[in-house]
J.: 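Encoded as structure tokens, here's the structure I'll be asking about.
As the structure is a computational prediction, the values presented were derived from the model and not from experiment. Numbered from 1 within each chain, the chains take letters A, B, ... in sequence-line order.
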Number of protein chains: 2
Amino acid sequence: MNLDFTYFENGIGSISGQLPGMPQDRVVLNRLFFYVFKELDDVYNQHLSEFGLNSSSFLALAMILSSEDNRLNPSHLSAALIASRTNVTRLADDLVGSGWVSRKPCTQDRRRVELSLTPSGRKLILAVLPVIWQRIEQQWSDFSPAEITEFDRLLRKMLEGLRHFRMAS
Amino acid sequence: MNLDFTYFENGIGSISGQLPGMPQDRVVLNRLFFYVFKELDDVYNQHLSEFGLNSSSFLALAMILSSEDNRLNPSHLSAALIASRTNVTRLADDLVGSGWVSRKPCTQDRRRVELSLTPSGRKLILAVLPVIWQRIEQQWSDFSPAEITEFDRLLRKMLEGLRHFRMAS
DNA sequence: TGGAAATAGTTTCAAATGTAACTATTTTTA
DNA sequence: TAAAAATAGTTACATTTGAAACTATTTCCA
């Protein structure tokens, strides 16, 4: 897939010449965000496919690993993954089918289900995490600590702006 | 949809305690990026739905408007939208079906097709753009010009890092 | 200059994801 | 405490999107 941002930038410049009032730098910023996201998503899905995983299944395994007592509800996972509960049901089906996760009814609250890592799921995620971390370090290797901090701050500020904006309208 | 980033941050913290070697700040940054993207995408699709549009159809109309002589090929559009040609075929079908775009064979190169705005498509996009621009200004209203510039720089640097990284692996 | 390769667009099929409706259970509240 | 509301998970259905295969045309190059 061709990710040539210049197509967009040229278009934006042309419209700006035709119609007054465009906040050009911010329009470019929003669109640039899409481009970077697509690239980020692509790159990590590509890496994870080596292990038979994708972004969702990888993060699901990691979230179960991180959870207290190695147990996690589908609803919790849905929030962490920003995915619908429908999708998490399916994801859990797949992970159970692959033998990485077990699904048990919860005794405390019989509406709930508990997802746990099987030994093979645990082994897999413990093997994959260091590889992915190393690649994340590579990806960010040109950034100084100050740049990392500033990027984090700007992203959180952007998130705040979007949430506030959504509320308002 | 619950966009509580703390679910993820807590999980990350827990794993970091169990397994050494996590570049925690960068892992958080990558994930934060997903969250912000989802929110951005949601918010603008919501705004555009008021006009019977979504991100893709809006950008398609804008790109045709911006193009020389009001003509654009599906392939060009595919690159600008970061969407497959398959998807652009369908998008063009929809836009033609809505009466906003016309599709004509290109006389120079008979493999090609030319998409143009109809009068009603032109009217629509000229009406929508100022509204969207105003909302983009609102969205970014808490950011100083320096922050905008820095954010732009960091995003482009991140894109470079990802592309270089993809090549390398 | 004629065959191979590339390009443009479409169609078919498959994968990923979400909404709404539904069942079962728990919590709230009047 | 009994009815109403909320919550958890699943299923049925719909939407969005892309990869691969295909046709038609143009470009490349031996």
J.: Does Thr86(B) contact dT10(C) through a side-chain donor or acceptor facing the base, at a distance under 3.5 Å?
T.: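 Not at all, since no donor on one side and acceptor on the other fall under 3.5 Å apart.
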J.: Not counting sequence neighbours, which residues clear salt bridge (Lys or Arg N to Asp or Glu O under 4.0 Å) with Glu9(B)? List them please.
T.: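 Checked Glu9(B) against salt bridge (Lys or Arg N to Asp or Glu O under 4.0 Å); matches are Arg156(A).
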J.: In terms of side-chain heavy atoms of Asp109(B), which of dA20(C), dG9(C), dT26(D) is nearest?
T.: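 Closest of the options to the side chain of Asp109(B): dT26(D).
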J.: Only counting residues at least two apart or in another chain, list the ones meeting salt bridge (Lys or Arg N to Asp or Glu O under 4.0 Å) with Arg103(A).
T.: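 By the salt bridge (Lys or Arg N to Asp or Glu O under 4.0 Å) rule, Arg103(A) matches Asp93(A).
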J.: Counting side-chain heavy atoms from C-beta on, which of dG18(D), dT26(D), dT11(C) comes nearest to Arg110(B)?
T.: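 Nearest nucleotide to the side chain: dT26(D).
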J.: Going by the rule side chain to side chain donor-acceptor pair (under 3.5 Å), which residues pair with Glu50(B) if we only count those two or more places apart in sequence or in a different chain?
T.: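 Partners of Glu50(B) by the side chain to side chain donor-acceptor pair (under 3.5 Å) criterion, ordered by chain and then number, come out as Arg135(B).
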J.: Under 3.5 Å, which donor-acceptor pairs link side chains of residues 123-133 of chain B to any protein atom two or more places apart or in another chain?
T.:
none

J.: Among all residues two or more places apart in sequence or in another chain, which pass the side chain to side chain donor-acceptor pair (under 3.5 Å) test with Lys104(A)?
T.: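 Once residues adjacent in sequence are excluded, Lys104(A) has no partner under the side chain to side chain donor-acceptor pair (under 3.5 Å) criterion.
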J.: Please work out which residues in residues 91-107 of chain A have a non-hydrogen atom less than 4.0 Å from an atom of DNA chain C and list them by number.
T.: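 Of all residues in residues 91-107 of chain A, none places a heavy atom under 4.0 Å from DNA chain C.
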J.: What is the distance from CG of Leu77(B) to C1' of dT10(C), rounded to the nearest Å?
T.: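 Distance check: Leu77(B) CG to dT10(C) C1' gives 16 Å.
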J.: What is the nucleic acid contact for Ser75(A), judged by heavy atoms within less than 4.0 Å: base, sugar-phosphate only, or nothing?
T.: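 Ser75(A): backbone/sugar contact only, no base atoms under 4.0 Å.
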J.: Taking only nitrogen or oxygen atoms into account, show me every contact under 3.5 Å that the protein makes with nucleotides 13-16 of chain D, one pair per line with its distance.
T.:
none

J.: Tell me the bend of the helix from dT1(C)-dA30(D) to dA30(C)-dT1(D) as the angle between end helix axes, each from five pairs, rounded to the nearest 10 degrees.
T.: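 Roughly 30°, once rounded to the nearest ten degrees.
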J.: With sequence neighbours left out, write down each residue that passes side-chain contact (heavy atoms from CB on, under 4.5 Å) with Glu114(A), or none if nothing qualifies.
T.: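 side-chain contact (heavy atoms from CB on, under 4.5 Å) check on Glu114(A) returns Arg71(A), Asn73(A), Cys106(A).
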J.: For Trp140(A), check side chain to side chain donor-acceptor pair (under 3.5 Å) against everything at least two apart and list the hits.
T.: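 Only Asn30(B) meet the side chain to side chain donor-acceptor pair (under 3.5 Å) criterion with Trp140(A).
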J.: Pairs in or reaching into residues 65-99 of chain B: which pass ring pair (Phe, Tyr, Trp, His ring centres under 6.0 Å), with residues at least two apart or in two chains?
T.: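 Qualifying pairs, neighbours excluded: Tyr7(A)-His76(B).
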J.: Looking only at the side chain of Arg85(B) (C-beta and beyond, no hydrogens), which of the listed nucleotides dA12(D), dA8(C), dT26(C) gets closest?
T.: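 Among the listed nucleotides, the one closest to the side chain of Arg85(B) is dA8(C).
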J.: Under the rule for side-chain contact (heavy atoms from CB on, under 4.5 Å), what residues qualify as partners of Ser75(B), not counting sequence neighbours?
T.: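 Applying side-chain contact (heavy atoms from CB on, under 4.5 Å) to Ser75(B) gives Arg85(B).
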J.: With a 3.5 Å cut-off and just heavy-atom distances, do the side chain of Arg111(A) and the base of dT7(D) make a donor-acceptor pair?
T.: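 Such a pair exists between side chain and base.
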